[in-house]
There are 2 protein chains.
Amino acid sequence: MQGVKIVCRGWAFAFSILPDGRRQILSFLLPGDFASTAAVLNERVGISLQALTEVCYCDYDRGDLIDCVRSDSKVFEKFSELCNTERNEANEMVTDLGRRTANQRVARLILALMARLQERNQVRDGSFEFPLRQQHIADATGLTPVHVSRVFSAFRQAGMLAVKGRSLTVQNEAELQRISSER
Amino acid sequence: MQGVKIVCRGWAFAFSILPDGRRQILSFLLPGDFASTAAVLNERVGISLQALTEVCYCDYDRGDLIDCVRSDSKVFEKFSELCNTERNEANEMVTDLGRRTANQRVARLILALMARLQERNQVRDGSFEFPLRQQHIADATGLTPVHVSRVFSAFRQAGMLAVKGRSLTVQNEAELQRISSER
DNA sequence: CGGAAACTTGATCGAATTCAAATAAGGTGG
DNA sequence: CCACCTTATTTGAATTCGATCAAGTTTCCG
């Protein structure tokens, strides 16, 4: 029987795949994330997972986790919080894809990832590990890789961010924020 | 303290609102639906609810529900299933908005609603109550009302569906299915 | 050094938006 | 039941954002 996985180190992502082979990335998994909270509650999930970097994960027995969640109210509370966060992220994603421009989607993705890494103390002077290829960004934002390249070029040229190897530096967070939330 | 609501009769929808006032509909609530399972787990949810028709709902105490979910393993199982369904729907929505055309999004929305109503035995010969304005469809599919009108016109003209008053009839489900899943 | 994958850039195309106006549908008070 | 008013829907024309197509470049590695 399949257990529930929690990422300890490295990046991964969850995605769904379309009949024609294109894919939609549903979420990125950073160290400490459940490989979907849904996996705890239900054995079968209709999505696929893929590693972005070398990943180290822990594998727990689903039954044990459920017992743990049900018996300890502190754990239940924490787990609920986690579900809620995931849910909010999904809602944010729907709103981004439904109602925001390419620039906004890319800006928001970068800021969201930075915020999550910040919580994990993995950002130094606006710089953080960034193992995504532009294809991944395209699949997460519902754009084409070509257009992602153009957006990145524009952001770079405007001095908002810089990419070097597998690391990204946000040079002008305020401006990215502004773009994210302009109407 | 705010309780958890379950729709007994009528339609409602959950949505988020953008700084400029546009909105993104996140889900439709049909009779029997929780007003978001998330509301059970966490008191605060960052989304708004609005009724589409006259709605009748039951209001439960959150603490009671949590106790019930935690103490009874059958209930826990059912609740987990519900969370999972919601989650899958959100994922489907992300995929639709990120990767599918206007025609596909509209076709899929109609089919998804029909399927949910079918489970509730509220479809007769392809016809069912349909209280949505085109604005709602637009807000759910990330389109403009104008474009929704065009898509509907095309579907109607192709004999796939018919709208009369607050009721919709799917006349050619197979064709809608085909459009939904064409590459 | 060579080859493959990733990224960039330009030109063109197309789906959906925007703007604007006309028509239809619904609901209300007389 | 009808005239009137408001809210929805339809339709057309012009525009725009992002996609697609097609070469280049760069980067990364063995």
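To find a chain, count down the sequence lines: A is the first, B the second, and so on, and within it residues start at 1.
- Comparing the start and finish of the helix from dC1(C)-dG30(D) to dG30(C)-dC1(D), five pairs each, the helix axis swings through 50°, to the nearest 10 degrees.
- Screening Gln104(A), Arg105(A), Arg108(A) for a side chain to side chain donor-acceptor pair (under 3.5 Å) involving Asp96(A) leaves a single residue, Arg108(A).
- Note on Leu18(A) and Ile47(A): separate hydrophobic clusters, where clusters join Ile, Leu, Val, Met, Phe, Trp and Tyr whose side-chain heavy atoms are under 4.5 Å apart, directly or indirectly.
- Residue-environment remark: OH (Tyr57(A)) stays at or below the threshold of 12 foreign heavy atoms within 6.0 Å.
- If you chain together hydrophobic residues whose side chains sit under 4.5 Å apart, Val148(A) and Leu52(A) fall into the same group.
- Residues Arg70(A) and Ser73(B) have side chains in contact (heavy-atom distance under 4.5 Å, counting atoms from C-beta outward).
- Look at Gln134(B) and you'll find a side-chain N or O under 4.0 angstrom from OP1 or OP2 of dT10(D).
- A sub-4.0 Å separation between OP1 or OP2 of dA16(C) and a side-chain N or O of Thr144(B) is absent.
- Computed from coordinates, the Asp139(B) CG to dA8(D) P distance equals 12 Å when rounded to whole Å.
- Listed for the Asp125(B) side chain is no donor-acceptor partner under 3.5 Å among the backbone atoms of Ser127(B).
- Across all non-hydrogen atoms, the minimal contact from Ala140(B) to Leu109(B) is CB-CD2, 4.3 Å.
- Against DNA chain D, the stretch residues 145-162 of chain B makes heavy-atom approaches under 4.0 Å through Val146(B), Ser149(B), Arg150(B), Ser153(B), Arg156(B).
- Across the protein-nucleic acid pair, Glu182(B) atom CD and dA15(C) atom C1' stand 14 Å apart, rounded to whole Å.
- The distance from atom CZ of Arg100(A) to atom C1' of dG18(D) is 18 Å, rounded to the nearest whole Å.
- Computed from coordinates, the Ile179(B) CD1 to dA15(C) P distance equals 14 Å when rounded to whole Å.
- Taking the six-membered ring where tryptophan is involved, the planes of Phe130(A) and Phe128(A) are perpendicular, since the angle between them exceeds 60° and thus also 30°.
- Nearest-nucleotide mapping onto DNA chain D: of Leu143(A) and Lys164(A), the residue sitting toward the 5' end is Leu143(A).
- Leu168(B) contributes atom CG, which lies 5.5 Å from atom CZ of Phe152(B) (distance to the nearest 0.5 angstrom).
- Atom CZ of Arg99(A) and atom P of dC17(D) are 16 Å apart (whole Å).
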